[in-house]
Structures are given as structure tokens and as C-alpha cells.
Amino acid sequence: MKSAAAQGMSRRSFLKGAGVGAAGLLGAAAIGGCAGQASGASASKESWDQETDVIVVGTGAAGVAAAMTALEAGCEVVMIEKEKLAGGITSVCEQYCAFDSSLHLPQNFDDVEDSAELMLEDALRVSNGTADEALAKIYCDDSANCLNWMIEHGCEFKGSLRVSDGRHGQGKYITATAGELTAKLLPAIEAAGGSVLTETPLTDIVRDEESGRVTGVVCSDEGTRIKARKGVVICTGPWSDDEVLIPRHMKPVPSLVSECASTLSAFGMPYGPYTGEAIRAAQRKGAAVRHMEYIMFDPYYSVPEVMADKVAPAGLTRAVNQILISPEGRRFTDEGKSRGAIALDIIDLPGNTYYPVVDGRHLPDPTGSTKFSVEQLDEFVAGGYMVRSDTLEGLASEMERVFGTPKDAVLAEIERYNGFCATGVDEDFGKDPHHMTPIDQAPFYAGPAETCRDMYTHGGLETDAEARVVDLDGVAIPGLYAAGMCTGGPLGEITISGNWQTSAIAFGRIAGKNVAAESVA
């Protein structure tokens, strides 16, 4: 893949200007299993291998929200998942933005309050005005109810909020364990009578030619046909690895980003491949798409040669009060703004590389922003992946020796930043004072990182406020719903981490409620 630099364009203009921009038992009426039977009669449009009320495609945040809501409304539900393991990226996620919940956790700063109105204001600001305000308002207003719904279904949260990127000191809720939502909801869905079929990829959507209604799906390698008596809900998440949609809507990413994206898969985490076959299937049936040009990068991972050893030390923290240093030894961004915006600044750096610096204030971090213990960090230092010192001068010297960052520039920049922290005014980047604490407590650590992964596409199927997929004329397609990151509109080009999970739950629940209310076909 050719880099943007090789094509003679600014990395920022290419990314921003061009918008680069991711088993249980069936009900009594079910006939056979999706992955196991494909009758010869299934070639007939009117024949089906299996029937249910509602089909949910995808098992992440939006999928479990839609499925559980439909089940609780009395529907039979089948979930299909293309991967061997259910849950998608939600199975490792822990952050959920909400202005409140039944837990009523206090904010981290005495002068900070939160509200649905402020949450919406921040979402629109961070998206540079590209998020659909009406759709964003729905999930912001419903965010507390979304967390309460999670709690009612057994999800647990930590007892303190983590200060959120892109906001003015407000915090976000952190689950007790990563992947709490799908870990609790998927077994609950099966216990309630729902069916979760893994290794069952969607291959097509069935739409009746006469009525225009979506009546089912074709799935699995065998071409199994499942009828949906009420409707189909698409919840397949981002599509940043799709070999058809990415070239169609986006330009190539810088080479180092591509290298990091591929080496990250060595960790065995659910980082894809994120593909958009469900979006393409819906398009073939007349569905409109929106915001296909928006994709957000995650800036907090290591460099390829380090990740090839399954080590990501510089991803130790996403704390907004750290300091980020360029290869020239300078700060280059407001470390408290949204991670997607930070990623765009990193893309402009030489080699796309930067150096997060943390101190003893982060170790341990009670909010959970720090990902590793001191003992683990010291192992990274011993392995040559990071540097450590008990003095700032010593850290600057080590950074110059190992990474080539100029000692005097690094030391001067940290001291300048510490001065801003003392006055509460960031004269260089306007960082919110809530996000500013000096780098002055030993031990001090630093290590290389870069904008690693084109993680989240923010576009997809166009939906209305009722989570109904619409056609090119804006008319809802009967029996077809969608929620989460396979849709476009609610998030815009950049979002605050945690918003996409909350948005997925909000619209997943809306889709589940509305599909359950459909008449039986």
C-alpha cells in the first residue's frame, strides 16, 4: 500500500480533508440449524431452512441490546455472528460515556458537573459539526438509561469515573472488567431462549419484490436461509478492513499505520478483520449509506518492531494528563482532546511516531488509565522497549540515548509544561486545566508509539430516529433495522471514546423495541 507522503499530499489533508474516514435453543417454530441444514428446496424464494421472529446480525454492543430488547418483548430471536467467538470488539471494551446513572458516581473535580446537554455539545464540537445533531441527541439523552439497562442486566462498573478525552473534566464510566457487556448479555440472551450462531456469516438479505419488505437472510457457506417474521437488525460494527468499501470510499493510509495495524493482530485481540458485507448486502436491496468517508484512528499503541514481539508498552496509558513528545523533543498537541483529533496530529509527525511520558502520578492510576504495573514497565525497560529514570534530566538523557530525541529539548519542554500546570494556562495548545498535572514525581517513563490503527469507521447504513434503514429517497425499508457502527450519522468524523458504545446500546434498544412491534409476516 502506497503511503500518502509518497503520493505527494499532506497526511493531515489526506486524513481530514479527504475524510479518511471500522448457541442456545430456538423457539418451537424454528426449523433446523442455520449452520447445519440447507434444504434442496431453499433455492425457491418462498422456502426457508429456519424461521424466527427477529434476526440480529452481529453480537457486539448494538447486537446484544437489540436482541435482549426483542426477547423481552416476547419475540423469538436468532443472532448470527461470522466469527468463531461472539462479542466483537465490545468483548474487550470498558468505557461508556453517560452524564449519569443509577450509581450516581461523583465527578473527578468539584467544579465539574455533567448533563445530557453538555454531552451533546461536546459530541458535536469534537465531530467538528459533522455528527447528525438529532441522532446524537437521542443517545446523549438516553445515555443514563443505557447504563441503567446494563446494570439491570448484571453489568458492574468501577467505583470511580475516568476523566474523559475530549471533554472539560467530565468522567466516563468504566466496567469492572473489560468486555463486561457481552460477557453478561450473551449468556443471558441464550438463557432467555435466544440463539447465538457463531461462524455463520451473512451472505445476503432477502427482500420481497412485491411488498418491498425484508423477510430474512441468507447465511453460512451452505447458503442457509432464515426467515424473519418481524424483521432483521444489522449490528455488524465497523468495516475498516473491508476490501471493497475501503478503496471505494477512502484513500490509502500511511505505510507505518498499515504495518502497525497488521502487527497488532498478533496480540490475538478482536481487532478485525472488520468487514462490511452486511452493508453491501443492504445496499444491494436499496439501502442508502451515510458518512462513509469518516474513519477514526486510535493513537495509543506502539511501533511495529515492538508490537511484533507482542509488546505495546507505550500504550500503557490514555490518561489525559500525560505529556506527548515529538521526535524533535517538543509537545505537538493538546493531550486532553479527543483521541481521534490527537491521531491526526500524530499523522503529521516524522515517521508518525511520538513518545508518551508518564510519571509516578500515573502509577498506579486509580481510574484505570494506566494499563501496566511498575513491575511490568520495568520489564519493558529491561527489554529495551522503554526508558526509565528517577529524575527528569536522567529521563531526557535516556530518551536521547535510546530514541534519539534531543535531551535539552525534551527537558526544556517538560519544564515548560510543568510551568503551565502551575499557572493553569497552557499557552501552547490551550489544554483544559482539569487535564493538567505536572510531570514531577518519580519514577519517569517514556516509550515510542504512533497512530496505529484505523479502528473505527463512523459511516454505514443510513437510519432514522427509529433505527429503520432508509432507501435512497429517505423512505424506511420495511423490516430492516440497523444500529451501532455499521450506521452513519450519530458520531460524525470524530467522536469521544465511549460514545460509540453508548450510541450502539441506545439505537440497539430502539431497533429491538421497534422490530418487536412489527406485524408478523
Side-chain angles (χ1 to χ4, degrees), residues 1-22 57-58 60 82-83 88-89 127-128 130 201-205 234-266 270-299 301 304 340 343-344 346-348 352 450-463 469 471-472 482 484-495 500:
M1 184 176 288
K2 206 170 184 180
S3 71
Q7 297 180 25
M9 66 180 74
S10 159
R11 292 186 178 96
R12 174 180 289 276
S13 64
F14 127 66
L15 277 178
K16 188 169 184 177
V20 170
V57 186
K82 68 177 181 179
E83 301 294 343
I89 194 171
S127 78
N128 298 313
T130 60
L202 175 79
T203 57
D204 203 3
I205 293 171
I234 305 298
C235 303
T236 50
W239 43 272
S240 49
D241 299 312
D242 193 88
E243 294 182 356
V244 175
L245 295 177
I246 290 294
R248 180 178 295 165
H249 296 283
M250 303 174 188
K251 295 181 180 180
V253 299
S255 58
L256 186 62
V257 176
S258 298
E259 291 173 32
C260 270
S262 61
T263 54
L264 187 60
S265 63
Y271 291 120
Y274 301 144
T275 53
E277 59 270 12
I279 294 174
R280 289 186 272 113
Q283 285 183 287
R284 291 194 296 268
K285 305 305 177 182
V289 292
R290 185 179 187 188
H291 287 176
M292 297 295 282
E293 70 274 25
Y294 295 151
I295 188 167
M296 198 177 91
F297 287 74
D298 194 322
Y301 289 92
L344 291 177
I346 296 166
I347 288 291
D348 278 342
N352 310 123
E450 62 90 54
T451 297
C452 163
R453 184 68 164 91
D454 47 341
M455 189 78 78
Y456 309 114
T457 47
H458 287 178
L461 297 172
E462 184 168 1
T463 56
V469 177
D471 64 18
L472 297 178
M485 297 190 76
C486 63
T487 67
L491 302 179
E493 67 177 0
I494 296 175
T495 194
W500 70 269

Give me the atom names and distance for the closest heavy-atom approach of [X] to [Y].
X: Tyr274; Y: Ser240; value: CD1-OG, 3.1 Å
X: Ala287; Y: Val469; value: CB-CG1, 3.6 Å
X: His458; Y: His291; value: O-CB, 3.7 Å
X: Met250; Y: Tyr294; value: CE-O, 4.1 Å
X: Ser127; Y: Thr130; value: O-OG1, 2.6 Å

Original post:
If you measure from NZ on Lys82 to OG1 on Thr275, what distance do you get to the nearest 0.5 Å?
Top reply: 2.0 Å
Subject >> Interatomic spacing from CD in Gln283 to CD1 in Ile205 - rounded to 0.5 Å >> reply: 10.0 Å
Subject >> N/O donor-acceptor pair under 3.5 Å between Thr236 side chain and Ala278 backbone >> reply: no
**OP:** Would you confirm whether Asn352, through its side chain, and Ile347, through its main-chain N or O, come within 3.5 Å as a donor-acceptor pair?
**Re:** yes
[X] side chain near [Y] side chain, heavy-atom distance below 4.5 Å:
X: Leu344; Y: Ile494; answer: yes
X: Thr495; Y: Met485; answer: no
X: Phe297; Y: Ile346; answer: no
X: Ile234; Y: Leu461; answer: yes
X: Asp242; Y: Arg280; answer: yes

Original post:
Going by an N to O cut-off under 4.0 Å, is there a salt bridge joining Asp204 and Arg284?
Top reply: yes
